[in-house]
Amino acid sequence: MEHPGRGAPYSIRTLAEASGISRSQIGRLVNGELPDLPVNEAHQLSEALGVAVLVLFMPPMSPA
């Protein structure tokens, strides 16, 4: 898993440690089983990754 804001790779475990969000929750996000997070956790995750919240949860662009 790339770390877009700072360039260092993250595993689910290290991202969980850096963000304070559980490994299971991050794993479910990565696998698409969890579509979103509560606002405070979304901010924690974006802070750990060094990107804006909108970058993480932006809807996919349409193919057209």
Side-chain angles (χ1 to χ4, degrees):
M1 193 173 345
E2 292 298 318
H3 185 311
R6 297 184 185 101
Y10 266 129
S11 67
I12 289 175
R13 181 183 53 81
T14 58
L15 184 54
E17 291 170 359
S19 66
I21 299 170
S22 73
R23 285 182 291 174
S24 63
Q25 223 170 349
I26 291 177
R28 290 176 61 215
L29 274 171
V30 169
N31 293 328
E33 298 168 14
L34 186 64
D36 55 27
L37 289 172
V39 172
N40 62 326
E41 290 179 354
H43 282 282
Q44 288 172 248
L45 186 59
S46 69
E47 183 69 27
L49 289 170
V51 298
V53 173
L54 290 176
V55 171
L56 295 177
F57 297 99
M58 184 181 335
M61 295 177 63
S62 69

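Counting from 1, the numbers follow the sequence of the chain as shown.
- Residues Ile21 and Ala16 come closest through the heavy atom pair O-CB, 3.0 Å.
- Taking both residues in full, the closest heavy atoms of Ser19 and Leu45 are given as CB-CA, 4.1 Å, listed atom of the first, atom of the second, then distance.
- For Gln25, the side-chain hydrogen bond (donor to acceptor under 3.5 Å, both in side chains) partners two or more places apart in sequence, or in a different chain, are Glu41.
- Taking both residues in full, the closest heavy atoms of Leu29 and Leu34 are given as CD2-O, 3.2 Å, listed atom of the first, atom of the second, then distance.
- Between the CZ atom of Arg23 and the OG atom of Ser11 there is a distance of 9.5 Å, given to the nearest 0.5 Å.
- When every heavy atom of Ala18 is checked against every heavy atom of Tyr10, the shortest pair comes out as CB-OH, 3.4 Å.
- Put simply, the side chain of Leu49 does not reach to within 4.5 Å of the side chain of Val55, judged on heavy atoms.
- Residues satisfying the side chain to side chain contact (heavy atoms under 4.5 Å, CB included) test with Asn40, not counting sequence neighbours, are Pro38, Gln44.
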